[in-house]
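A short worksheet on the structure shown next.
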Protein chains: 2
Amino acid sequence: MITSYGVHMPRKLRELNLEEVGRSLHSNAIHLLRDVRTEDSAMGIGPAQASALSVVVFGGPLSLNELAEAEQVRPPTMSRVVEALVREGLVRREANRDDRRSIIISSTDKGTKIIHEGRSRREKRLIKLLSQLDADEIRCLGRASRILSRILVTKHS
Amino acid sequence: MITSYGVHMPRKLRELNLEEVGRSLHSNAIHLLRDVRTEDSAMGIGPAQASALSVVVFGGPLSLNELAEAEQVRPPTMSRVVEALVREGLVRREANRDDRRSIIISSTDKGTKIIHEGRSRREKRLIKLLSQLDADEIRCLGRASRILSRILVTKHS
DNA sequence: TTTGCATACTTAGCATAGCTAATTATTAGT
DNA sequence: ACTAATAATTAGCTATGCTAAGTATGCAAA
């Protein structure tokens, strides 16, 4: 269905299309991630660890509470995830000299490498899909991406 | 960064932009779902159950193996998820008369209602974000969505 | 200063959700 | 009628989510 968004279009039709675009974007986001996620097994760590490590790598050193908030999980959950990452040598957990209740979590070289390689595998898979498209379609996706970036508040990567 | 995709552009620059668009789409998909997922607690079921139930609702009655494959999990995992959904009265598990090893999983009215309401809450949240945009930007997202739908193989919803 | 409350993290214990291996029931092939 | 293949389940492990409670530190008011 192709519909014009001219300024004289009744409000109701505009809203119907907002809904259609929202539904479609939502569905596409689900399918896109479902597809690229198939590459993640090569990282050798679970999804929660991979996602948390990604925040540490791209969001710089941060405290446990900050990391838990970024990942939308409770501190005890993140405490255990970080413990596993430390055990595997993927992050460092150091004392914060300004506030000794707090910890500073930073990525090791090994952790950074794993995340960059994992991210690269996901993106390669996506790029392979995109390479079927012509230049105009890529340009459209590029502009759409910039629009989405503007309205999606991003706390990392 | 705004770049032309003219037919005479060197191959290397084209590829650089494919990468940039891929990276950006990937990041936006992550942030979009991270945002809308905050509505899911209102459904009162866990993420695996919600996702599986969604496939049953939108993908029609299907067998356990089909459901497991659609959700990218192993049959034993899905067997337990379905058991929970049956216990909560959200799906039915019936014998397949043509092959009595197999089962037919279908949604109950209650399950269908929960999923439609949950989907609606997610989409309302997304539409609220989109409503900041002007008509041209919405049109761009609409076209981008249709392009993505074409290249993302969808097994449900 | 010290008393007491707030904050940051961890520990303990529970539920859900992922896996492999092994079991049961049924179907299909020789 | 055997035997192999297929569909689902059961058993048991790990990972990841939660709340409640514990420990250590910081901060503020008496």
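Throughout, a chain's letter reflects where its sequence line sits, starting with A, and its residues are numbered from 1.
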message = If you compare all heavy atoms of B:R92 against all heavy atoms of B:S107, which two are closest, and at what distance to 0.1 Å?
response = NH2-O, 3.0 Å
request  = Rounded to the nearest angstrom, tell me the gap between atom CD in A:Q49 and atom C1' in D:dG17.
outcome  = 14 Å
request  = Please determine if a side-chain N or O atom of A:S102 lies less than 4.0 Å away from the OP1 or OP2 oxygen of C:dC9.
outcome  = yes
Upstream residue (5' side of DNA chain C) when A:V82 and B:Q72 are each assigned their closest nucleotide = A:V82
note = When rounded to whole Å, the CD to P distance for the pair A:E83 and D:dA15 reads 11 Å
task = Measure from CG on B:D98 to C1' on C:dT27 and round the result to the nearest Å.
result = 12 Å
note = DNA chain D nearest-nucleotide lookup for A:G46 and A:N96: closer to the 5′ end is A:G46
query = Is the closest side-chain donor-acceptor distance between A:Q72 and B:T38 under 3.5 Å?
reply = no
task = Please state how far atom CG in B:L67 lies from atom C1' in D:dT9, giving the value in whole angstrom units.
result = 15 Å
query = Can a salt bridge be assigned to the pair B:K128 and B:D35 using a cut-off of 4.0 Å between side-chain N and carboxylate O?
reply = no
key: Presence of salt bridge, A:R122 and A:E39, under 4.0 angstrom   = no
key: Residue met sooner reading DNA chain D from 5', once A:P75 and B:P75 are mapped to nucleotides   = B:P75
task = Report, as yes or no, whether the 6.0 Å neighbourhood of atom CZ on B:R74 holds more than 12 heavy atoms from other residues, nucleotides or ligands.
result = no
message = Does C:dC9 have its OP1 or OP2 closer than 4.0 Å to a side-chain nitrogen or oxygen of A:N65?
response = yes
query = Rounded to whole angstrom units, what separation is found between the CE atom of B:M43 and the P atom of C:dT16?
reply = 15 Å
task = Using whole Å, report how far CG of A:D99 lies from C1' of D:dA24.
result = 11 Å
task = Take the protein atom CE of B:M78 and the nucleotide atom P of C:dT16, then report the distance between them rounded to whole Å.
result = 16 Å
inquiry  = Between C1' on D:dT23 and CZ on A:R100, what's the gap in Å once rounded to a whole number?
reply    = 14 Å
task = Please check the phosphate of C:dC19 (OP1 and OP2 only) for any side-chain N or O of B:T77 closer than 4.0 Å.
result = yes
ask   = Does any donor-acceptor pair link the side chain of A:R101 with the base of C:dT7 at a separation under 3.5 Å?
value = yes
message = Looking at the base of C:dG18, is there any donor atom on it, or on the side chain of B:R80, that sits under 3.5 Å from an acceptor on the other one?
response = yes
message = Taking 4.0 Å as the cut-off, does a side-chain nitrogen or oxygen of B:S79 come that near to OP1 or OP2 on D:dT9?
response = yes
Distance below 4.0 Å between B:R74 side-chain N/O and C:dT20 OP1 or OP2 = yes
ask   = Within less than 4.0 Å of OP1 or OP2 of C:dT10, is there a side-chain N or O belonging to A:R93?
value = yes
